[in-house]
There are 2 protein chains.
Amino acid sequence: MYAIGEEETVADAEHVNIWTLPERPARGPRPAYSRAQITEAAIRIADAEGLEAATMRRIAAEIGAGAMSLYRYVPSRDDLIELMADRLTGEIDLTGVPSGDWRADLTRYADGLRAMWRRHPWMAAMRRSLPGLGPNQLLLIERLMGVLDPLVPIDENLALTALLNGYVEGAVREEIGAAEELRRSGLSEQEWMARGQAYVDRLVKSGDHPILTKIVMEARRPHLSRDEQFRLGVRRVLDCVAAALPPGA
Amino acid sequence: MYAIGEEETVADAEHVNIWTLPERPARGPRPAYSRAQITEAAIRIADAEGLEAATMRRIAAEIGAGAMSLYRYVPSRDDLIELMADRLTGEIDLTGVPSGDWRADLTRYADGLRAMWRRHPWMAAMRRSLPGLGPNQLLLIERLMGVLDPLVPIDENLALTALLNGYVEGAVREEIGAAEELRRSGLSEQEWMARGQAYVDRLVKSGDHPILTKIVMEARRPHLSRDEQFRLGVRRVLDCVAAALPPGA
DNA sequence: GCCAATTGCGTACATCGTACTCGGTGGCCT
DNA sequence: AGGCCACCGAGTACGATGTACGCAATTGGC
């Protein structure tokens, strides 16, 4: 395509996909760092200060490297984020799935996904259009969709799995929403309250928004524990799934 | 809090929320542009080239203004995005909802939301943690949740609505996913195919990913029309909703 | 008609991702 | 054993971004 210089970066014409790009070439001095180490550092920063704080320079500083050194391991920041996503997917433990009990399996998956997203809230906000195809993500696909695979055709399986995913995503977003928004804004809790709350209070007092008023009131009431509420929602989704299964499954 | 200069930007201490920030002050020369005009231009650019292309300078150029002029109308780019989101929410036509027929109403909402996201694919990717509270968004909340409000308690209503939203989001993401990913990458279709496809083909040929193989095969088969498929999914979700309603509703 | 508020906007800065380039290192071939 | 060169870490630099600041021009209210 175009002439290459005396050296080229880690990505060449055929190896654009991270997952096909070997981490370690054959010859030369031993690398001082590793993809795993960089990914780990980036996740640590993102957990603490949000994904936008995980800049290349910051990540490099975290592991004691120069900024540009990272590019010896990762073609771009987007690719690094791909690595982070796969690494986090690996935190969802699905060993032994499918087990034969599809309700138990899907419940386990929902719990695991929720727990992972609560540990790494920035991840719940960072939804790509297509699922990644890293090793952990591939394993997840095989195990998760293997649960319903013997019971329904693949297109049904896709739809039902998407439904479950959608529910978990919505539920987690509701759980972590306020906290994330607060962190993102960089405001103190008092400031944030003063601003958002004052506006919402005004809306409620206006009387033009009866439903919003109900929602606000509801939010101030004591609730079932988050876990209970989530389990309840998952059970409902699974009932919906059961209805789509052939009878007697 | 802190001393202000001889002039201040559009945002002051009490007016941080966009929705409480008046667009037009009393005195001074007539503004040459407007929030609506700026929002419109930004949406036009985002539709054509993605949200990341809608930079302040680019938007300003689109309406023939200087870059910094926009800040006379909008406190920050994030706030402008908030305006865009509300403006797009207004495209979901729910006049006459709730009508008394909850299935029809929710189906109409699902169709409208899907159509809106397909017209503005960047919006489907840009999910904030909390829903916005602009005028169109408030109206949507009242109408949409007003549908089930007479039938179920508010917490149930929230859960069921989230379920429907989750389904639509997943379905739309699947529809527009490939196209968006392609655009985001900036590659030509051939390049993108060559790269993604080659990797997927390798995975399929390896034989270690039976489910992925099924998915890929399925994607190559002719389908029900997208619309049919979507309607089917919505109906399933609504059946799930019906199960949660009190008998005879 | 004057004053002050408010306009559009040019300049400037910090920060980002990353291209280019260098001097050094050490595995491989001879 | 010796030399070559692939590969390393990292500094410098560039273009782009969001936006703070300041200035000259404009206009409504007195």
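Since the model is a prediction, treat every value here as computed from it, not as a measurement. Chain A is the first sequence line, chain B the second, and so forth, proteins listed ahead of strands; every chain is numbered from 1.
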Exercise. If you find the nucleotide of DNA chain D closest to B:Pro29 and the one closest to B:Asp78, which residue's nucleotide is nearer the 5' end?
Worked result: B:Asp78

For this session: Check the angle between the aromatic planes of A:Tyr73 and A:Tyr33 and answer parallel, tilted or perpendicular using the 30° and 60° thresholds.
Result: perpendicular

Exercise. Between C:dT25 atom C1' and A:Arg30 atom CZ, what is the distance in whole Å?
Worked result: 12 Å

Exercise. Between D:dG9 and A:Arg72, is there an OP1 or OP2 to side-chain N/O distance shorter than 4.0 Å?
Worked result: no

Exercise. Would you say a side-chain N or O of B:Tyr33 is under 4.0 Å from OP1 or OP2 of C:dC9?
Worked result: yes

For this session: Take atom CG of A:Leu70 and atom P of C:dC20, then tell me their distance rounded to the nearest Å.
Result: 18 Å

Exercise. Once you round it to whole Å, what is the distance between P of C:dT18 and CG of A:Asp79?
Worked result: 9 Å

For this session: Examine D:dC8: is either OP1 or OP2 under 4.0 Å from a nitrogen or oxygen in the side chain of A:Tyr73? Give yes or no.
Result: no

For this session: Considering only NZ, NE, NH1 and NH2 on the basic side and carboxylate oxygens on the acidic side, decide whether A:Arg58 and A:Glu49 come within less than 4.0 Å.
Result: yes

For this session: Send over the distance from B:Tyr71 OH to C:dG10 P, rounded to a whole Å.
Result: 15 Å

For this session: Rounded off to whole Å, could you give me the CZ-to-C1' distance for the A:Arg77 and C:dA19 pair?
Result: 18 Å

Problem set entry | Trace of the side chain to side chain contact (heavy atoms under 4.5 Å, CB included) decision for A:Trp19 with A:Gln137 | CA-CA 11 Å; A:Trp19 310 117; A:Gln137 291 158 332; 4.2 Å; yes

For this session: Please list, by residue number, the residues of residues 58-68 of chain A whose heavy atoms come closer than 4.0 Å to an atom of DNA chain D; answer none if no residue qualifies.
Result: A:Ala65, A:Gly66, A:Met68

For this session: Could you tell me whether A:Glu169 and B:Arg173 make a salt bridge, using a distance below 4.0 angstrom between a side-chain N and a carboxylate O?
Result: yes

For this session: Return the residues of residues 48-57 of chain A meeting this criterion: a heavy atom under 4.0 Å from some atom of DNA chain C. Order them by number, or give none.
Result: A:Thr55, A:Met56, A:Arg57

Problem set entry | B:Glu52 and B:Arg183 ion-paired at < 4.0 Å | yes

Exercise. From A:Gln37 CD over to A:Ile59 CD1, what is the distance, rounded to the nearest 0.5 angstrom?
Worked result: 12.0 Å

Exercise. Judged by modelled atom types alone, do A:Thr89 and A:Asp86 share a side-chain donor-acceptor pair under 3.5 Å?
Worked result: no

Exercise. Is A:Asp201 salt-bridged to A:Arg220, cutoff N-O under 4.0 Å?
Worked result: yes

For this session: With side-chain hydrogen bond (donor to acceptor under 3.5 Å, both in side chains) as the test, would you mind laying out the steps for B:Thr161 and B:Asn165 before giving the verdict?
Result: CA-CA 6 Å; B:Thr161 307; B:Asn165 265 314; over 6 Å; no

